[in-house]
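These values consider heavy atoms only, across backbone and side chains, with no hydrogens, waters or symmetry-generated copies. When a residue number appears, it is its place in the shown sequence, counting from 1.
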Amino acid sequence: MEDSYILGIKRNGVSLKIDTLTFEADQSGYEYISNINRVSRSGGNGQYNITVTDHNLNQGCPIGNGWKLISGNIYYYWSEAYAYFILSDEHGVKTKEILASQEKTPLSKGYNIDALAKSIFFKAQEIVLQFPSASIYNAYMDFVDKKPKYHLGGYLHISLKYIALC
């Protein structure tokens with residue numbers, strides 16, 4: 001695993017093209033650049049921070065419907081790695097940290113940090129399509145986290161309609 005990675009992002013409407021770049025690569029053809037930097041490492045555990053900026057260093061990458069991908073993190077341990085991110089809606093309200101993907105692989109085989117980072121953008125697009133605002137997403141997650149799992153079957157669909165009407 002490298003200490004840093006760079007992704008170049010091009011947008012066309014709601015479509016994204018994400019390329020892995022080298023440090024020496026020409027970044028001028030990309031609207032947004034994502035820097036992925038290892039910020040901690042201790043034994044088999046560590047963390048990468050993920051930032052996304054345009055060429056004027058404005059934070060965030062538009063995902064659609066006024067939402068922006070603000071930042072992300074990749075946490076890795078001896079047997080698994082997780083990619084998380086935070087979105088901001090059109091009103092500037094931020095979501096709680098969202099799990100984009102996880103990789104259950106021994107650290108000795110190495111994690112695919114590049115793939116974990118790219119998964120953040122695709123999961124962000126799913127969230128934008130499912131929720132009209134960060135407030136509704138956060139309320140939904142609070143509901144899911146507080147309800148016993150065996151009650152979710154019948155109440156989940158009704159509660160989503162109720163949340164959407166509020």
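- Annotation: the span from N37 atom CG to N49 atom CG amounts to 7.5 Å, rounded to 0.5 Å.
- Using a 4.0 Å cut-off between charged nitrogen and carboxylate oxygen, K104 and E80 count as a salt-bridge pair.
- Between the side chain of S42 and the main chain of N45, no donor-acceptor pair closer than 3.5 Å is present.
- The shortest side-chain heavy-atom distance between F85 and L87 falls under the 4.5 Å cut-off.
- The minimum heavy-atom distance linking I98 with T95 is given by the pair CD1-OG1, 3.6 Å.
- Not counting sequence neighbours, Y32 has no partner by the ring-ring contact (aromatic ring centres under 6.0 Å, His included) test.
- Expressed to the nearest 0.5 Å, how far CD of Q130 lies from CD of Q125 amounts to 12.0 Å.
- Of all the heavy atoms in I9 and S34, the pair that sits closest is CD1-CB, 4.0 Å.
- Remark: S119 OG to I18 CD1 distance equals 9.5 Å, nearest 0.5 Å.
- Cluster annotation: V52 is connected to Y5 through the hydrophobic network of ILVMFWY side chains, with a link wherever side-chain heavy atoms come within less than 4.5 Å.
- Residue pairs meeting the salt bridge (Lys or Arg N to Asp or Glu O under 4.0 Å) criterion with at least one partner in residues 43-52, sequence neighbours excluded, are absent.
- One hydrophobic cluster, built from ILVMFWY side chains closer than 4.5 Å, cannot hold both V93 and M141; they sit in different ones.
- If you chain together hydrophobic residues whose side chains sit under 4.5 Å apart, F131 and L99 never meet in one group.
- Inter-residue side-chain proximity for I36 and E2 is flagged as unmet; no heavy-atom pair is nearer than 4.5 Å.
- Under a hydrophobic-cluster definition in which Ile, Leu, Val, Met, Phe, Trp and Tyr are linked whenever side-chain heavy atoms come within less than 4.5 Å, directly or via other members, L116 and L7 are assigned to the same cluster.
- One finds the CG atom of L16 at 12.0 Å from the NZ atom of K118 (value rounded to the nearest 0.5 Å).
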Using distance only, find each side-chain donor-acceptor pair of residues 60-75 under 3.5 Å and give its atom names and separation, not counting sequence neighbours.
{"unit_1": "N73", "atom_1": "OD1", "unit_2": "Q47", "atom_2": "NE2", "d": "3.0"}
{"unit_1": "Y75", "atom_1": "OH", "unit_2": "E97", "atom_2": "OE2", "d": "3.4"}

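- Here the CD1-OG distance, from I120 to S101, works out to 7.0 Å after rounding to the nearest 0.5 Å.
- A chain of hydrophobic side-chain contacts below 4.5 Å, direct or via other Ile, Leu, Val, Met, Phe, Trp or Tyr residues, connects F122 to Y137.
- Here the closest non-hydrogen pair linking F23 and I6 is CA-CD1, 3.9 Å.
- K10 and S15 form no side-chain donor-acceptor contact under 3.5 Å, judged by distance and modelled atom types alone.
- Y48 and Y76 have tilted rings, their planes meeting at an angle from 30° to 60° on a 0 to 90° scale.
- Taken to the nearest 0.5 Å, the CD1 atom of I113 stands 7.5 Å off from the CZ atom of R38.
- Closest non-hydrogen pair, H91 versus D89, comes out as N-OD1, 2.9 Å.
- Taking all atoms of both residues into account, the shortest heavy-atom contact from T53 to Q59 is CG2-CA, 4.2 Å.
- Annotation: side chain of L21 is in contact with side chain of I33 (closest heavy-atom distance under 4.5 Å).
- Counting heavy atoms from C-beta on, the side chains of Y30 and D19 come closer than 4.5 Å.
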